[in-house]
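Remember, it's 1-based here, ligands and their atoms both numbered in the order they're listed.
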Amino acid sequence: MAKISTVKGFADHLPEEALRFAFMEAKAREIFSLYSYREIHIPLLEYTELFARSIGTETDVVQKEMFTFPDRRNRSLTLRPEATAGVMRACMEHGLYAKESQSRLFTFGPMFRYERPQKGRMRQFHQVDCECLGTEEPRADAEIILMLMNYLRALGLEDLTLELNTLGCKRCRPAYRERLKAFLSGLSREDLCEDCRRRLEVNPLRLLDCKNPVCAELTAGAPEISAQVCPDCREHFARTRELLESLGQSHVLNPRLVRGLDYYTRTTFEVLSGNMGASSSLAGGGRYDGLAESIGGPDIPGIGFACGLERLALLLPPRPLPVPDFYIAILEEKAFAPALLLAERLRAEGFSGSFSFSATSLKSGLRSASRQRARYALILGSNELEKGVVLVKNLESGLQKEEILDDFSRLDG
Ligand code: HAM
């Protein structure tokens, strides 16, 4: 029969990779809790409308990257392509915004986007996502960006570049959009990539960060949004940048950083690594002050970010697999019952290990113990049973000694 493999763009994480992911999650919990962020879990599946209304119907994500299908009653469901909309929905659904003036939340897990898979780009990928809801203060922008950078540094990553831009607000962006459209109308449509030809009408800002070199060259002289925003947005951005500088966090201004999701307002940012291709960001985020209203909620401003764990994993060294403390080589059928008891006593003391499920020879028992890189091989055969002992062999030093079986529950030395 033909073998069944993983779905394209979906990957298994074998133990070493799973360990790397566990490390990234553990560090995230450690760092984010220092900033009073609390963990929440939201479903993988949501009504499609949540993403269409928040991310925007004209974005690449909604247009062509979502895993969308009807349920048995023909309601359209989507595997979440990102977490921000779901976190905001949860905050509204459970009235968090009424209970606390600010909600600082983080979550982990798989996201799904139907993209062309390549290194660091998967159809099922994992994010750690942080959201600070309920405040418009630039202090929140600076703090969450600093927290992200501290997280990445705590993972041991170096050579990071933080790029920043402002996208203005719903009051000033329409005027900028018109200016940009006027500029773009002077370009020859045919020279643009297919995506940009479509974006020209529906989402002109997205032309600014098209990765196609021809489009980038054609739009090089486009007006910059940060120079066109209203005084409030300008002040907000200047304050955010000042605060970051005063906290010792350097950044570069990228006037073409518009991000791929329509809910962004004001501050947007991405983190790039010098050790990866220029086009792939490790993390991205921004402010989304109109998102709650777009999904039927009250005015809840917010700012957040997400890191792509597959991309971070590419930069992290492998983590050593934990080694077991013991392996019990059972040489006689009748040694199973005492071996099982012994294993449980040792585990109760906090030692990890396993035993052979069938009786083996001494030689192959020792081979199994060293293949598992156990610290100790414990040998139980008829000799040991008769004497009521277990033979304890330190596999590093090669030294061995007998211990009283009923009394033995500590491994040391
Ligand atoms: P995003 O820029 O779409 O933002 O994704 C954030 C990060 O997820 C990217 O920087 C990248 O590392 C990773 N990523 C995205 N797509 C893939 C993929 N196909 N394969 C592997 N990694 C990927 C968001 O998702 C926003 N929700 C971030 C945010 C939170 N904004 C405000 N709050």
First-shell residues of ligand 1 [heavy atom, distance under 4.0 Å]: E82, T84, R113, E115, G120, R121, M122, F125, Q127, D129, E131, R259, L261, Y263, Y264, S281, L282, A283, G284, G285, G286, Y288, G304, F305, A306, G308, R311

Results of side-chain hydrogen bond (donor to acceptor under 3.5 Å, both in side chains) for R410 - residues two or more places apart only: E349

Charged N-O contact under 4.0 Å between D325 and R375: yes

D209 and R259 ion-paired at < 4.0 Å: no

All pairs passing salt bridge (Lys or Arg N to Asp or Glu O under 4.0 Å) where residues 312-322 contributes a residue, at least two apart: none

SB check D129 R80 (cutoff 4.0 Å): no

Qualifying salt bridge (Lys or Arg N to Asp or Glu O under 4.0 Å) pairs, either residue in residues 140-159, two or more places apart: R104-E143, D141-R287

